[in-house]
Amino acid sequence: MHSEHEDVSRILFSEQQIAQRVKEMGAQIASDHPDQSMLVISVLRGAAIFMADLVRAIDLPVEMDYMAVSSYGSGTKTSGVVQILKDTTASVEGRHVLIAEDILDSGLTLQYLISSLQARNPASIEVAALLVKHAKRQADIDCNYIGFACPDEFIVGYGLDYAERYRNLPYIGVLRPEIYA
Ligand code: IMP
Ligand code: MG
């Protein structure tokens, strides 16, 4: 097992557990969409790592695109204000869209993204979230694919950051509160 970072108090999901779960999610997505091509959109920057693994587990014709939004700044609490910093390159109209999100917390980010994409007349929109926190949900989001339920703690790794750090940890762990206190 990969050695634990000193700023991480405990590992929630190991590299092996994540790999296994992402493979299962990809297989499920492929079997739910026989003969479809999908436009997988990830929300930069956190979900880029999840998306990279997820698309390799989806045995379908898949196109990848990226959006960037801001809602967090460098703190650990959602601001509720979501701004599109980078939009998709591909046209969404008529496409089967799958949004790959790293973590669903308040849901405000996804709610905004979904309504923005819905306005462009896709054939369908689904959401795959690697992690879901249930504690602070403010928006009613229907997640089609969920990797893991996540405790209400601030976590890092596998794409998730605190102030742009720790994204490259291969596992997901709880950040020691004294780091962001
Ligand atoms: P929401 O709008 O509150 O659902 O925020 C979702 C976004 O907040 C995610 O895409 C993450 O970038 C970030 N986020 C939420 N919880 C955590 C966490 O525990 N660690 C790191 N980032 C988080
Ligand atoms: Mg994010």
Side-chain angles (χ1 to χ4, degrees), residues 2 4-15 17-18 21-22 25 39-55 64-88 97-119 125-181:
H2 212 271
E4 207 172 295
H5 193 287
E6 60 184 1
D7 296 349
V8 168
S9 59
R10 70 180 200 280
I11 295 180
L12 281 179
F13 305 107
S14 70
E15 188 173 3
Q17 284 175 301
I18 297 167
R21 188 71 192 108
V22 172
M25 293 174 80
L39 175 62
V40 184
I41 299 176
S42 96
V43 187
L44 294 173
R45 282 161 271 186
I49 290 179
F50 168 51
M51 182 201 203
D53 286 339
L54 184 67
V55 292
M64 296 162 70
D65 211 329
Y66 304 91
M67 291 179 81
V69 298
S70 74
S71 79
Y72 254 62
S74 59
T76 62
K77 298 260 153 51
T78 196
S79 64
V81 178
V82 181
Q83 192 192 350
I84 293 186
L85 304 175
K86 183 221 172 297
D87 211 331
T88 58
V97 171
L98 179 70
I99 301 175
E101 189 40 320
D102 49 4
I103 184 166
L104 176 59
D105 186 9
S106 72
L108 294 172
T109 308
L110 264 182
Q111 181 179 55
Y112 183 85
L113 269 179
I114 290 168
S115 67
S116 153
L117 290 170
Q118 199 79 61
I125 298 187
E126 292 185 320
V127 176
L130 179 63
L131 298 151
V132 174
K133 284 183 183 172
H134 288 289
K136 287 176 287 182
R137 189 65 39 77
Q138 294 170 50
D140 186 22
I141 303 287
D142 189 18
C143 254
N144 307 80
Y145 305 95
I146 293 172
F148 302 104
C150 175
D152 188 27
E153 293 178 274
F154 197 80
I155 59 170
V156 293
Y158 195 72
L160 292 157
D161 73 306
Y162 171 66
E164 296 308 324
R165 285 194 61 200
Y166 314 106
R167 292 192 196 275
N168 58 335
L169 297 178
Y171 51 82
I172 292 167
V174 177
L175 188 64
R176 291 187 188 284
E178 56 266 35
I179 303 297
Y180 54 82

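Keep in mind the model is a prediction, meaning the values are calculated, not measured. For ligands, and for the atoms within them, numbers begin at 1 and follow the listed sequence. For this chain, numbers begin at 1 and follow the sequence in order.
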Close approach of Leu108 to ligand 1, heavy atoms, under 4.0 angstrom: yes
Close-contact set for ligand 1 against Glu101 heavy atoms, below 4.0 Å: 10 (O)
Heteroatom proximity flag, Gly107 to ligand 1, N/O under 3.5 Å: yes
Non-hydrogen side-chain atoms of Leu12 and Phe148 separated by less than 4.5 Å: no
N or O contact, Leu104 vs ligand 1, cut-off under 3.5 Å: no
Asp161 heavy atom under 4.0 Å from ligand 1: yes
Minimum heavy-atom distance between Asp65 and Met51, given as atom pair plus value: O-CE, 3.5 Å
Any Lys133 heavy atom less than 4.0 Å to ligand 1: yes
Partner set under side-chain hydrogen bond (donor to acceptor under 3.5 Å, both in side chains) for Tyr112, not counting sequence neighbours: none
Note, Asp7 side chain near Val156 side chain (heavy atom, < 4.5 Å): no
Per-residue contact class, Leu160 against ligand 1 - non-hydrogen pairs under 4.0 Å: side chain
Residue portion contacting ligand 1 (non-hydrogen atoms closer than 4.0 Å) for Glu153: backbone
Ring geometry between His5 and Tyr166 (parallel below 30°, tilted from 30 to 60°, perpendicular above 60°): perpendicular
Closest to atom 21 (C) of ligand 1 (judged by heavy-atom distance), picking from Phe154, Tyr162, Tyr112: Phe154
Main-chain N/O of Ala68 paired to Arg45 side chain as donor or acceptor, under 3.5 Å: no
Contacting atoms of ligand 1, where contact means under 4.0 angstrom from a heavy atom of Ser106: 1 (P), 2 (O), 3 (O), 4 (O)
Thr109: numbered ligand 1 atoms lying under 4.0 Å from its heavy atoms: 1 (P), 2 (O), 5 (O), 6 (C)
Least distance between heavy atoms, Ile18 atom then Pro170 atom: CD1-O, 3.9 Å
Whether Lys86 side chain and Tyr66 backbone form a donor-acceptor pair below 3.5 Å: yes
